[in-house]
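Have a look at the structure below before the remarks.
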Amino acid sequence: MALRFYNTLTQKVEDFVPQQEKLVRMYTCGPTVYNYVHIGNLRTFTFQDILRRWLRARGYELRHVMNITDVEDKIIRDAARAGKSIFEFTTVYTQAFFEDTQRIRIERPEQVVKATDHIPEMVADIQALEAKGHTYRSDGSVYYRIASFSDYGKLSHINLSGNIAGARVDVDEYEKDDARDFVLWKMKKEGEPSWQTPFGEGRPGWHIECSAMARKYLGDTLDIHTGGVDLTFPHHENEIAQAEGITGKPFVRYWLHAEHLLVDSQKMSKSLGNFYTLRDLLDMRYSPDSIRYLLASVPYRNKLNFTFDGLKAAQTAVDRLRNYALRLKTARFNEGENPHWTEKAKSAAMRFGEALDDDINTAGALGVIFEFVRDSNAAMDAGTFLAGNVPAAQDLLRQFDEIFDVVTPGAAEGGLSDAEIDALVAERTDAKKSRQFARADEIRAQLDQQGVILEDTKDGVRWRRK
RNA sequence: GGCGCGGUAGCCAAGUGGUAAGGCCAGGGUCUGCAAAACCCUUAUUCGUCGGUUCGAUUCCGACCCGCGCCUCCA
């Protein structure tokens, strides 16, 4: 079966066929840099990372663009509070964003672009929309007239003919002709950053940056556009109106939306006190691996209910995989190769791929891996898993880790070097042989202090970092 | 009110028209100087409820109940 995705536009799972055979043009709505990323943001970015890696594993070349929103209401508000220019303010959080995403091994897209570096492109697009009659001016701002774009609503499947009873309506938007019209260019307000343009001094509306930058770097039609579900409406709907209003061509072929993360079954919010940034969790001593694993383990179209119990369970699961990798590396196996296990490893790799091909079914993919781990562990205990079977098992684990990236430990941060640990382990083994158990226990305690766990196995001692 | 999503073991969760993957927890066991760790085994006659279609439904159809999201800034 081919690689396939659920497309929000068609509300169906569709085979993925990019415009060019092996090239994927992909755009991601990136962060608004006014704070540290929280785990909800990270759930979406982790999905995008898994998607990237899987596309590459399937032989595609990626051209992935992500924007940084660095001018926006909340940025202006918080920068002012901090007494900084928006440039100073957003630079700090942009850098923090990359530090944080790297901590949980989220790859950096091929191209990262900032909104404020693309004001001329946005202005040109707004002018093009004006020329096509999609806009009107009011109180010094420029608005998009939704009624002028007949496809409006096709992504979010929203029926525009009324029915907003019960919905919250912004009564302040008196200057718009229609409550659903959106702003392309905002007239300057006192104390706000602004740019001089043919429409007057002001700043861009939020939606225009994405369609302008996406088209600049990826062309009029993208293969994939992703973001959180909350962006479906109005942000992505408006991007379509902007891009297609200008080009008349389909803007995006596959829209992929990541569901939200909940905390203890509730929407994460500062007022509920259940709002966590990555830094919060790392300060609480949770490992980056367990966070990444947890965020990746629930398929992206399901809501992910974040709990600390779940995070601990994720850590245990990661440890299980690491122990298995360590066992493959350090245990002694009987000579020979058992064709059964070579075959099993191969079929597991295939089923792993089939799960990910199926709209990035990470839970299914993990199931395949753990099943193989359990069965082959049992075979090792029984002595039927032989030395010649190790490479195939390691291959499987490597394929897994190219996507999930949680097994291979990061470089040790300070502490003892591998050689120092090996020396202490050897000393302890000698002590044990000469029945100097006090010294042996002392070394074990010392290593434990340094974050190194010793494990006595029948094939000797092995160690790992906590 | 409109649109949409989901209800599978204590928790997380995959899945299929033919009789329930996997992870965590828990219980049992193996190993061991002690211990830890590790590993193995066991754990849903049942998939929100009630009907319908079918030889057969958790899986298809209908109704209902419950939870949630979007319709406003939000990953």
Side-chain angles (χ1 to χ4, degrees), chain A residues 8 11 28-32 37-48 72-74 153 156-173 179-180 206 226-235 237 257-262 265-269 293-294 297-299 301-307 309-321 323-324 326-327 331 351 355 358 361-382 432-433 435-437 440-441 444 448 453-458 461-464:
Chain A
T8 307
Q11 298 180 300
T28 288
C29 287
T32 299
V37 276
H38 61 250
I39 54 174
N41 296 320
L42 254 15
R43 196 286 232 272
T44 298
F45 292 121
T46 302
F47 157 64
Q48 287 159 183
E72 182 263 355
D73 293 355
K74 289 188 290 288
S156 46
H157 306 99
I158 281 177
N159 172 7
L160 277 181
S161 54
N163 77 40
I164 47 171
R168 289 159 296 179
V169 182
D170 189 343
V171 290
D172 289 336
E173 303 285 13
R180 291 166 300 252
W206 172 42
T226 72
V229 275
D230 52 301
L231 297 185
T232 309
F233 186 88
H235 183 57
E237 197 70 69
H257 289 102
E259 249 300 347
H260 274 178
L261 170 151
L262 306 173
S265 304
Q266 290 188 295
K267 187 167 176 169
M268 181 168 72
S269 74
Y293 179 95
L294 178 62
S297 63
V298 177
R301 286 202 293 130
N302 293 131
K303 290 179 184 70
L304 189 162
N305 187 19
F306 176 91
T307 62
D309 282 347
L311 190 52
K312 286 169 198 148
Q315 184 64 67
T316 310
V318 170
D319 286 345
R320 182 167 164 78
L321 295 172
N323 283 321
Y324 181 76
L326 202 57
R327 188 175 191 182
R351 289 185 298 130
D358 182 14
N361 180 353
T362 49
L366 284 167
V368 172
I369 297 300
F370 278 105
E371 190 185 349
F372 181 84
V373 167
R374 192 235 298 128
D375 290 348
S376 56
N377 263 324
M380 290 176 196
D381 291 349
K432 274 173 63 178
K433 272 184 193 148
R435 305 194 64 80
Q436 293 175 295
F437 294 122
D441 289 348
R444 184 167 68 198
D448 184 66
I453 295 170
L454 293 191
E455 296 174 1
D456 289 340
T457 75
K458 66 181 192 305
V461 186
R462 68 182 195 185
W463 61 265
R464 62 191 166 92

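Below, chains carry the letters A, B, ... as their sequence lines are ordered, and counting in each starts from 1. Only this structure's heavy atoms are used, side chains among them; waters, hydrogens and symmetry mates stay out.
- Pair assignment for B:C47 gives none, since no Watson-Crick or G-U wobble pairing has each distance under 3.5 Å.
- Residue A:Phe437 and nucleotide B:G33 are classified as a stacked aromatic pair, their ring centres being separated by less than 5.5 Å at an interplanar angle below 30°.
- When rounded to the nearest whole Å, the span between CD of A:Gln266 and C1' of B:G69 equals 14 Å.
- Residue A:Tyr324 contributes atom OH, which lies 15 Å from atom C1' of B:G22 at whole-angstrom precision.
- Rounded to whole Å, the C1' atom of B:U59 lies 9 Å from the corresponding atom of B:G15.
- You'll find a donor-acceptor pair under 3.5 Å spanning the side chain of A:Arg444 and the base of B:A35, going by distance alone.
- Minimum atom distance to the side chain of A:Phe233 is reached by B:C70, of the listed B:A37, B:C70, B:C12.
- Nucleic acid contact class of A:Pro299 (heavy atoms, under 4.0 Å, all strands): sugar-phosphate only.
- Rounded to an integer number of Å, the gap from CD of A:Glu455 to C1' of B:C34 is 17 Å.
- The partner of B:C31 cannot be assigned: no Watson-Crick or G-U wobble pair with both contacts below 3.5 Å exists in any strand.
- Heavy-atom minimum distance, A:Met268 versus A:Gly40: CE-N, 3.7 Å.
- Remark: A:Leu42 CG to A:Leu261 CG distance equals 9.5 Å, nearest 0.5 Å.
- We find that CG of A:Asn323 is positioned 11 Å from P of B:A37, with the value rounded to whole Å.
- Among the heavy atoms of the strands lying under 4.0 Å from A:Leu261 is at least one base atom, whether or not backbone atoms are also near.
- Side-chain to base pairing of A:Asn305 with B:G6: no donor and acceptor N or O lie closer than 3.5 Å to each other.
- Between B:C41 and B:C3, the two P atoms lie 49 Å apart (nearest whole Å).
- Protein atom CZ of A:Arg320 is 21 Å distant from nucleotide atom P of B:C12, rounded to whole Å.
- Among the heavy atoms of the strands, none lies under 4.0 Å from A:Asp73.
- Looking at A:Leu366 and A:Tyr293, their side chains come closer than 4.5 Å, going by heavy atoms from C-beta outward.
- In a base pair of the Watson-Crick type (N1 to N3 plus N6-O4 or O6-N4) or a G-U wobble (N1-O2 and O6-N3), with each distance short of 3.5 Å, B:C25 is matched with no nucleotide.
- Closest of all the heavy-atom pairs between A:Ser156 and A:Phe233 is OG-CD1, 3.3 Å.
- The listed nucleotides are B:A38, B:G22, B:C5; the one nearest the side chain of A:Lys303 is B:C5.
- When heavy atoms are screened at a 4.0 angstrom cut-off, A:Gly310 is found touching no nucleic acid atom at all.
- Checking B:C40, B:A14, B:C24 against every side-chain atom of A:Thr316, the shortest atom distance belongs to B:C24.
- Both A:Val373 and A:Cys29 lie near RNA chain B, and the one whose nearest nucleotide falls closer to the 5' end is A:Val373.
- From A:Tyr324, atom OH reaches atom CE of A:Met380 across 4.0 Å, with rounding to the nearest 0.5 Å.
- B:U16 makes up no base pair with any nucleotide shown, lacking Watson-Crick or G-U wobble contacts both under 3.5 Å.
- Atom CD of A:Glu455 is separated from atom CH2 of A:Trp463 by 11.5 Å, given to the nearest 0.5 angstrom.
- Mapped onto RNA chain B by nearest heavy atom, A:Leu231 and A:Arg462 fall at different nucleotides, with A:Arg462 at the one closer to the 5' end.
- Nucleic acid contact class of A:Ala317 (heavy atoms, under 4.0 Å, all strands): sugar-phosphate only.
- Using a 4.0 Å heavy-atom distance criterion, A:Lys74 is classed as a sugar-phosphate-only contact.
- Note that the CZ atom of A:Arg464 and the CG atom of A:Asp319 stand 5.5 Å from one another [nearest 0.5 Å].
- What you find for A:Leu304 and A:Leu294 is that their closest heavy atoms are CD1-O, 3.5 Å.
- Candidate nucleotides B:A38, B:G69, B:A21 were compared by shortest atom distance to the side chain of A:Glu371, and B:A21 ranks first.
- A distance of about 16 Å separates the P atoms of B:U45 and B:C50, rounded to the whole Å.
- B:A20 and B:C12 have their P atoms separated by 22 Å, with the value rounded to a whole Å.
- Looking at the side chain of A:Pro234, the nearest of the listed nucleotides B:C73, B:C70, B:A75 is B:C73.
- Look at CZ on A:Arg43: it is 15 Å from P on B:A75, rounded to the nearest Å.
- Atom-to-atom, CG of A:Asp381 to P of B:C40 comes out at 7 Å; the value is rounded to the nearest Å.
- Comparing B:C40, B:A14, B:C73 by their nearest atom to the side chain of A:Asn361 picks out B:A14.
- In this structure, A:Asp309 reaches neither bases nor backbone, as no heavy-atom distance under 4.0 Å exists between it and the strands shown.
- Every residue meeting the salt bridge (charged side-chain N to carboxylate O under 4.0 Å, His left out) condition with A:Lys74, not counting sequence neighbours, appears here in chain and number order: A:Glu72.
- Across the strands present, B:U54 finds no partner; the criterion is a Watson-Crick or G-U wobble pair with both atom distances under 3.5 angstrom.
- Nucleotides B:A14 and B:A26 are separated by 22 Å at their C1' atoms, to the nearest Å.
- Nucleotides B:A35 and B:G22 are separated by 31 Å at their C1' atoms, to the nearest Å.
- Note on A:Ile453: nothing from the nucleic acid sits closer than 4.0 angstrom, heavy atoms only.
- Using P as the reference atom, B:G48 and B:U16 are 15 Å apart when rounded to the nearest Å.
- One atom, CG of A:Asn302, and another, P of B:G4, lie 18 Å apart when rounded to the nearest Å.
- Set against B:G23, B:G33, B:G15, the side chain of A:Ala440 has B:G33 as its closest nucleotide.
- Among the heavy atoms of the strands lying under 4.0 Å from A:Gly228 are primed sugar atoms or P, OP1, OP2 only; no base atom is included.
- Between B:A14, B:C40, B:A38, one nucleotide has an atom nearer to the side chain of A:Ala378 than all others, and that is B:C40.
- Residue A:His235 is out of contact with every strand shown, counting any heavy-atom pair closer than 4.0 Å.
- One P atom belongs to B:U42, the other to B:C24, and the distance between them is 15 Å to the nearest Å.
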